[in-house]
Each structure stands twice: as structure tokens, then as C-alpha cells.
Chemist: 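Sharing a structure below in C-alpha cells format, with a few things to ask.
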Amino acid sequence: MHAFIRLVARDVRLTLREGGAVSTALGFYLVVVAILPLGLGPDLNLLSRIAPGVLWVALLLAALLSVERIFHNDLEDGTLEVIALGPLPLELVAAAKALAHWISIGLPLVIAAPILALLLNLPANAFWILLLTMVTGTPAISFLGSVGAALTLGLRRGGLLLALLVLPLYVPVLVFGISAMNAVITGPASFLSSYLILCALTLATVVLAPIAAAAALRLSLA
Amino acid sequence: MRLGVQDLTCVRGGRTVFENLSFEVKKGSGLQLTGANGVGKSSLLRILAGFLPPAAGRITLEGADDETPIGEFCHYVGHLNGVKRAFTVRENLLFWSEYCGGGDIDPALETFNLLDLSDIPAGLLSAGQARRLGLARLQVIERPLWLLDEPSVSLDEASRNILASAIRNHTRNGGLAIAATHLPLGVKFAHTLELGAEAH
Amino acid sequence: MADTPGFFGRLANPTFFLKLSGAVLPWLTGLTVILMLVGLYLVFFFAPPDYQQGETVKIMFIHAPSAWLAMMGYSIVTIASIGSLIWRHPMADVAAKAALPIGACFTLLALITGSLWGKPMWGTYWVWDARLTSVLILFFLYLGLMALWQAIEEPSRAGRAAAILAIVGSVNLPIIKFSVDWWHTLHQPASLTRLDAPAIHPSILIPLLVMMVAFTALFFVLHLTAMRTEVLRRRVQALRLTQVDAARAGEGARA
């Protein structure tokens with residue numbers, strides 16, 4: 001457990017110190033959300049109706065930008081080899097690094113979401129729900145992303161391939177995250193049923209994804 | 001502690017790199033791997049570290065329990081240093097020490113002549129200095145088996161001597177060292193294994 | 001298992017596979033042709049036009065078998081992936097790789113025929129119907145798997161990576177299907193009535209079943225052929241490697 005926490009802390013510190021990743025993700029999130037009204041027109045009613053979907057999809061894309069980094073930098077400078085010979089099994093290494101991605105990239109994006117929601121005229125009663133569903137759903141994004149990152153590790157055009165592999169797998173998280181929000185904004189569906197399924201998705205992903213990611217990591221270490 | 005390798009076969013990309021390789025390394029001795037490029041020196045080290053699954057054969061490490069993978073008894077120093085550019089020299093070493101359960105890092109910094117640089121970000125180091133930082137790990141974390149792939153690359157004369165004495169110390173204290181190298185390391189290895197010798 | 005190889009054990013030998021598939025293929029091809037001819041005859045001369053949809057209902061006889069093969073293809077990929085990851089069966093890799101483009105084609109065919117059928121029924125080529133949407137996502141999974149095979153040069157690594165992804169995808173598929181259904185019921189008022197009539201009249205059912213069997217046979221003909229091609233391609237690759245090695249040994253001897 002000690003080594004697990006050390007690894008998470010190292011990755012978070014590295015991401016924050018290198019800086020670029022967080023601000024790029026935040027900037028990308030802002031730009032995507034801001035450019036949509038330019039395409040759709042400034043009708044506030046329309047915007048507030050589609051706000052949950054826009055905020056979720058843009059967050060997904062912004063998080064995807066940096067998912068590739070989860071293992072890539074460590075492979076390039078050789079630290080992945082040393083980590084692999086450490087006390088943690090690769091499954092826990094993958095979990096630690098996905099968790100660090102969530103803390104350093106996922107959480108800042110979630111915190112930015114309510115601010116961007118102002119631009120889209122999201123109904124006031126939905127702000128807390130926005131935060132709640134996103135905090136619940138984003139770990140699944142990081143953990144599923146880590147599987148794609150491990151599979152495409154060291155490949156040419158890995159980033160584009162990663163998006164192709166991972167985006168279809170994000171559909172359930174997207175659907176239930178948005179439907180939980182819409183349940184609160186427009187009804188009549190129940191918030192709780194969508195939200196609980198979202199929780200289940202995240203829990204299952206957090207448990208299962210590291211197994212697949214570790215299997216893929218073994219391939220790229222060979 | 002004794003490393004035994006029996007009938008090891010390595011296949012990469014559908015190509016047999018080496019076949020039926022057997023050797024052993026006894027407690028407190030070193031093995032030097034030689035041979036031309038592409039005969040599988042690096043592959044052998046990666047198999048021993050557990051990165052690359054062998055196509056056939058057995059690796060045993062006497063004195064290790066069966067539960068723990070052999071990798072956890074190894075230090076593997078490959079072509080890359082395993083150094084984070086954004087961290088300082090001290091932070092780099094400290095992380096390895098904490099992650100792998102090693103000891104105090106100051107003696108290692110001193111041995112590898114890095115004390116003056118300890119607060120410099122590793123990204124600013126020269127190639128030789130970064131290599132020394134990668135090697136300092138060997139001293140911080142106690143592990144019986146050292147797997148060194150061209151460890152002396154980009155080291156100058158003085159640094160090579162530091163490395164040589166670190167290897168000598170390690171074997172004197174009962175450790176095992178396997179080094180693949182073209183260049184003379186300045187260490188007398190008990191065994192030499194020339195890979196690919198039978199191919200010609 | 002190593003002492004007395006069973007049927008699957010012997011199949012691991014590519015030469016045995018080539019011999020067996022070479023013997024089976026002509027018969028299977030003949031059967032496919034006959035089934036296809038019978039099926040098409042039944043579709044055009046036996047099945048009545050729908051009283052509402054007219055002749056367009058005949059699209060169903062292509063659409064339904066394609067949709068079935070889209071699913072079956074992915075199941076084959078998944079089973080082969082498990083075989084390659086757990087048992088390291090050498091032909092499992094080949095089976096998974098060969099099934100991908102075929103499954104993807106039938107998935108695309110299901111999507112295209114679905115949208116062509118949708119035009120007269122719904123008045124538009126594409127509706128975000130729950131089934132169409134999940135088949136579309138299945139198509140993306142196929143594309144991702146094919147892209148991964150293409151991106152990794154070494155076949156053994158590519159095979160294992162694709163197998164991991166295929167298994168992850170197959171765990172996800174039911175969840176994706178479930179979420180798309182959920183999404184659809186939320187967004188779409190129940191205005192569309194699908195073709196799920198409680199009982200299908202035999203005059204439609206029999207041609208449909210024959211077409212299903214014919215398409216399945218066609219899938220296996222294509223699959224076996226693609227597997228044979230893949231085995232041969234790997235042999236060519238191995239021959240080239242030995243040539244390179246021989247040349248290198250020659251250079252070494254001269255040096």
C-alpha cells in the first residue's frame with residue numbers, strides 16, 4: 001500500500017510540475033465548450049437544453065488528450081522498467097497510474113465544468129448534480145483510458161488509435177452521466193436509477209480495467 | 001544465492017535468437033556477456049528480469065522464495081536511465097528508495113559523485129551524469145542480482161571506475177552481477193559467456 | 001495434453017489445419033452456393049410482399065442475416081481471443097484476425113441495409129434507433145480491433161493486444177447495448193413500431209431461416225479462406241526471415 005501511494009503521489013507531482021498537461025486539458029475543454037455556441041447559435045434555451053451533453057462530451061475529449069501520457073513518458077525514459085521490477089504487481093501499477101491521472105487531470109476538469117456550465121446557461125438546480133455525476137463518472141474515463149494507453153504504448157500514431165479504441169467503450173458512462181443530469185433538469189425519469197448505474201459502471205471499471213491494462217503492459221515491456 | 005539457467009530459448013518476431021542456453025552464476029560472482037550485435041545479449045537480460053517470456057527453458061534463483069517473481073530480486077539497468085527530467089537528482093533517487101523499500105540515499109549520491117548536483121533537475125544533467133544517477137539506484141536498493149546492459153555507455157574514465165568498484169563491492173558481499181558489454185569495464189568477471197559463438 | 005493431442009491440439013499445427021480446411025472448403029462452398037440459390041429463390045418467388053411495406057420487406061432477408069453475422073463474428077473473435085490468451089493456441093490468433101474484416105463487412109452491410117430499409121419505413125435513412133446505434137458501436141469496435149492489428153508489426157504482440165481489446169470489448173458490449181436501450185427509451189417517444197410481430201408467417205419465416213443458414217455458411221467459407229491466407233502469409237514472412245538470416249550468416253562468414 002505504501003508503494004502504491006508513493007507511485008500515485010509521484011505521478012500527480014510529475015503532472016503538476018510539468019504543468020502542460022493540466023492546462024492543455026483545461027484549455028481544450030474551454031475552447032470546445034466555447035466554440036459550440038458559435039456553431040449552434042446563441043439561443044440560450046437550446047444551449048441550456050444540450051448543456052449536459054456538451055459538457056460531458058467535451059470533458060471526455062479533453063481527458064482523452066492526456067490519457068496517452070499515463071504510461072508513455074515512463075516507457076520513454078525507462079522508468080516503467082524499474083517500476084515493473086518494484087514491489088507492486090503490474091495490475092496495481094496500472095491502477096495507481098490511472099488513479100493519478102484522475103486526480104491530476106480528471107478532477108481539474110470536473111472543477112472547471114460548473115464554470116463552463118455558466119456559458120451554456122445550465123439550469124441552476126443542476127450545478128451540484130453536474131459536479132456529483134462527473135466526480136462519479138470520470139474515474140471510469142481514466143481507468144478505461146489506461147487500458148487504451150497500455151495497448152497503444154510505443155506505437156506510431158498511438159494517440160489517434162487510442163481515441164478510436166477507447167471512445168466506443170465510453171458510451172455507457174456518457175449515457176448514464178448525462179441521463180442522470182437530465183433526470184434532474186427535465187425529468188420525468190428517476191435520477192437515482194441512472195446515478196446508481198453510473199456508480200456501478202465506475203466501480204466495475206476501476207476493478208477490471210487494471211487487469212486488462214497490466215496484460216497490455218506486459219506486452220510492451222517484452 | 002545462485003542463479004541457474006537451463007535450456008533457455010529466446011524467440012523474437014518469429015526468429016530464434018538463441019537456443020538451449022544453460023549456465024549458472026554462483027554466489028558472489030559475475031558473468032560477462034559478450035557477442036556481436038543482435039545475438040541476444042539484451043534479450044537474455046530482459047528474460048532474466050522477467051520482461052520477456054522465454055520460448056522454453058527454466059530460470060531458478062536459489063535462496064529466493066517461489067512466490068516472488070525473480071524480477072523483485074533484480075536490478076535491471078537498460079539503455080534508458082529511468083530518470084525523471086522534471087525531478088531533481090535527489091527526488092529521483094528518493095522516489096526509488098521509497099518505492100522499492102531502499103535505504104538512505106546520501107551514501108549513493110556520494111559514491112556516484114552526485115552530491116553537488118543533488119538539487120539540480122535531472123533534465124539539466126549531461127548524459128554521463130544522468131547515467132550515474134541511473135546507476136546510483138543499484139546502491140540505494142539492496143538487491144542480490146544485478147542485470148546490466150551496457151552499463152558503461154556515456155561514462156568517462158572516472159565514472160567507469162566508480163561503477164567498477166560498485167560491481168566489485170556487490171560481488172564481494174555475495175551478490176550476483178551479469179553485465180552485457182562491449183567495452184572493458186575494469187572488473188574481473190568470474191565467468192564469460194559469448195553468445196552466438198556457435199553461429200559462426 | 002502435450003502427449004495425446006486432441007482435435008484442437010492437432011489443429012494447432014498449421015499444416016494439419018491447411019490440409020483439413022482444404023478438404024472441407026470445396027464442400028462447404030458448394031453447400032453455400034446451393035443454400036444461397038434456394039434462399040434467393042424462396043425470397044423472390046415464395047415470400048409474399050408485405051401489405052404495408054411492399055417489396056421493400058425483402059431487404060430484411062439480407063438485413064437480418066447480416067445483423068446475426070455481425071454478432072456471431074464478434075463472438076468468434078472473442079472466443080478465439082480467449083483461446084489465444086489463455087491456451088496460447090497458435091491458430092486462435094489467426095482465427096481472430098481473419099474473422100475481423102468479415103465481421104466488419106457484415107456489420108456494415110447490416111447498417112446499410114438497415115438504413116435503406118429505414119428510408120421507406122421511417123422516411124429517413126438514419127434514425128437513432130437503439131438497435132442501429134448499438135450495431136454502429138459494434139462496427140466501431142471492429143474498426144478499432146483492425147486498426148490495432150495494423151498498428152503493431154509483430155504478429156504475436158499484435159495478436160495478444162487485439163485479444164485483450166476484444167475481451168474488454170465483449171465485456172463492454174452488453175453494457176453498451178443496455179445503455180443504448182436506456183438512452184433510446186429516454187429520448188425517443190415510443191412512436192416506432194418495429195417488425196417484431198408476435199408470430200412470423202411461415203411464408204416469411206422459411207426463406208428467412210434458409211437465408212440465415214446460407215449466410216452463416218458463407219461466413220465460414222470466407223473465414224476459412226481468410227485463415228488459410230493468413231497462415232500462408234505468415235509462412236512467406238518466415239521464409240523471408242530465414243533468407244535474411246542466411247544472408248547475414250554469409251556476411252558474417254566473409255567478414
Side-chain angles (χ1 to χ4, degrees), chain A residues 1-24 66 69-97 99-100 104 150 153-155 214-222, chain B residues 10-13 42-43 45-55 67-88 91-102 121-123 125 130-131 133-138 140-141 143 145-147 149:
Chain A
M1 206 57 212
H2 180 76
F4 184 85
I5 294 168
R6 286 285 161 204
L7 188 55
V8 175
R10 179 199 81 139
D11 268 33
V12 172
R13 266 174 67 206
L14 266 177
T15 312
L16 296 182
R17 185 163 311 179
E18 283 165 357
V22 186
S23 50
T24 311
S66 55
R69 298 168 34 100
I70 294 180
F71 302 112
H72 180 258
N73 292 355
D74 281 357
L75 181 77
E76 278 214 320
D77 59 22
T79 43
L80 194 60
E81 289 167 347
V82 189
I83 291 174
L85 295 184
L88 288 184
L90 273 179
E91 283 78 7
L92 285 180
V93 169
K97 295 182 77 62
L99 180 63
S104 56
L153 195 53
L155 303 183
L217 279 182
R218 285 197 185 92
L219 291 179
S220 31
L221 280 172
Chain B
C10 169
V11 177
R12 298 199 82 168
S42 296
S43 298
L45 290 178
R46 292 189 79 82
I47 288 177
L48 291 176
F51 294 139
L52 188 64
E67 299 280 304
T68 323
I70 290 180
E72 281 186 42
F73 296 97
C74 296
H75 267 303
Y76 173 85
V77 176
H79 300 273
L80 303 162
N81 295 325
V83 164
K84 279 288 164 201
R85 297 169 56 85
F87 282 163
T88 66
E91 283 171 325
N92 265 299
L93 219 46
L94 203 58
F95 169 69
W96 291 130
S97 170
E98 286 170 339
Y99 179 70
C100 297
L125 298 183
R131 190 71 184 163
L133 174 53
L135 290 168
R137 210 168 64 225
L138 296 170
V140 173
I141 306 149
R143 289 194 164 179
L145 175 58
W146 289 9
L147 305 171
D149 197 353

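Numbers restart at 1 for each chain; the letters A, B, ... are given by sequence-line order, proteins then strands.
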Chemist: Checking T24(A) side chain against G20(A) main chain: does a donor-acceptor pair fall under 3.5 Å?
Modeler: yes
Chemist: May I ask you to name which of L88(A), L7(A), I83(A) has the most heavy-atom pairs under 4.5 Å with chain B?
Modeler: I83(A)
Chemist: For chain B, find which of R13(A), H2(A), R17(A) contributes the most heavy-atom pairs closer than 4.5 angstrom.
Modeler: R17(A)
Chemist: Go through the atoms of L75(A) and report whether side chain, backbone, both or neither lie under 4.5 Å from a heavy atom of chain B.
Modeler: backbone
Chemist: Please classify the contact between P53(B) and chain A as side chain, backbone, both or neither, with a heavy-atom cut-off of under 4.5 Å.
Modeler: side chain
Chemist: For residues I70(B) and L48(B), determine if any side-chain heavy atom of one lies less than 4.5 Å from a side-chain heavy atom of the other.
Modeler: no
Chemist: Pick from P87(A), A3(A), A9(A): which one has the most heavy-atom pairs with chain B under 4.5 Å?
Modeler: P87(A)
Chemist: Tell me, out of L80(A), L14(A), L219(A), who's got the most heavy-atom pairs with chain B below 4.5 Å.
Modeler: L14(A)
Chemist: Given a strict heavy-atom distance threshold of 4.5 Å, which part of Y76(B) is in contact with chain A: side chain, backbone, both, or neither?
Modeler: both
Chemist: Measure the CZ-OG distance between R12(B) and S42(B) for me, rounded to the nearest 0.5 Å.
Modeler: 8.5 Å
Chemist: Please state whether the side chain, the backbone, both or neither of R137(B) comes within less than 4.5 Å of a heavy atom of chain A.
Modeler: side chain
Chemist: Output the option from L52(B), V77(B), I47(B) having the highest count of non-hydrogen pairs under 4.5 Å with chain A.
Modeler: L52(B)
Chemist: Verify, without hydrogens or angle tests, whether D149(B) (side chain) and H79(B) (backbone) share a donor-acceptor contact under 3.5 angstrom.
Modeler: no
Chemist: Using side-chain heavy atoms (C-beta onward) and a distance below 4.5 Å, is R143(B) in contact with C100(B)?
Modeler: yes
Chemist: Aromatic rings W96(B) and Y99(B): how do their planes relate, parallel, tilted or perpendicular, breaks at 30° and 60°?
Modeler: perpendicular
Chemist: Go through L85(A), L221(A), D74(A) and name the one with the most non-hydrogen pairs under 4.5 angstrom from chain B.
Modeler: L85(A)
Chemist: Quick one: of H75(B), K84(B), E72(B), who has the most non-hydrogen atom pairs under 4.5 Å with chain A?
Modeler: K84(B)
Chemist: Quick test of your reading of the model: are R46(B) and E81(A) salt-bridged, counting only N-O distances below 4.0 Å?
Modeler: yes
Chemist: So do the side chains of L153(A) and L217(A) get within less than 4.5 Å of each other, counting heavy atoms only?
Modeler: yes
